[in-house]
Amino acid sequence: MRKLLLLVLSLAAGALMTVFVFMSGFYKHLFSLGAVLIGIYVFKTYETKGPKIAFIVLTLIFSFLLPPTYVLIAYANGWYVPPQFLEGVE
């Protein structure tokens with residue numbers, strides 16, 4: 001159960017960092033703060049180094065995989081995509 005919680009928290013932190021990348025203005029920092037708060041929770045909850053390292057690695061993986069996934073889905077469905085993410089397309 002603890003592994004599943006770690007995976008969900010990593011996914012949530014990665015998703016918040018993805019939203020941070022796509023937003024502009026002041027509100028983007030609230031999503032970054034949310035990811036930091038999740039990280040603080042994980043580091044307080046888990047005592048050993050293994051889950052902490054796994055959280056960092058999984059969060060980085062999710063934060064690198066979720067933006068291109070969103071861009072592909074949004075472009076295919078005609079949703080808004082920030083122009084800087086469409087360089088080289090078309």
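A distance of 6.5 Å separates CG of Leu11 from CG of Leu66, quoted to the nearest 0.5 Å.
In this structure Thr45 satisfies the side-chain contact (heavy atoms from CB on, under 4.5 Å) test together with Arg2, Tyr41, sequence neighbours excluded. Shown here are the side-chain contact (heavy atoms from CB on, under 4.5 Å) partners of Leu58, two or more places apart in sequence or in another chain: Leu7, Ser10, Phe62. Lys52 pairs by the side-chain contact (heavy atoms from CB on, under 4.5 Å) definition with Phe43, not counting sequence neighbours. The side-chain contact (heavy atoms from CB on, under 4.5 Å) search around Ala54 returns Leu6, not counting sequence neighbours.
Listed by chain and number, the hydrophobic cluster partners of Ile61 are Ile53, Val57, Leu65, where partners are ILVMFWY side chains within reach of under 4.5 Å, directly or through others.
Placement of Ile73 and Val81 within a single hydrophobic cluster is found when ILVMFWY residues are connected by side-chain heavy-atom separations under 4.5 Å, directly or transitively.
Residues Tyr70 and Tyr80 come closest through the heavy atom pair OH-O, 3.1 Å. Taking both residues in full, the closest heavy atoms of Ser63 and Leu60 are given as OG-O, 3.0 Å, listed atom of the first, atom of the second, then distance.
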Name the atoms and distances for all side-chain donor-acceptor pairs under 3.5 Å in residues 13-40, with sequence neighbours left out.
| unit_1 | atom_1 | unit_2 | atom_2 | d |
| --- | --- | --- | --- | --- |
| Thr18 | OG1 | Gly14 | O | 2.9 |

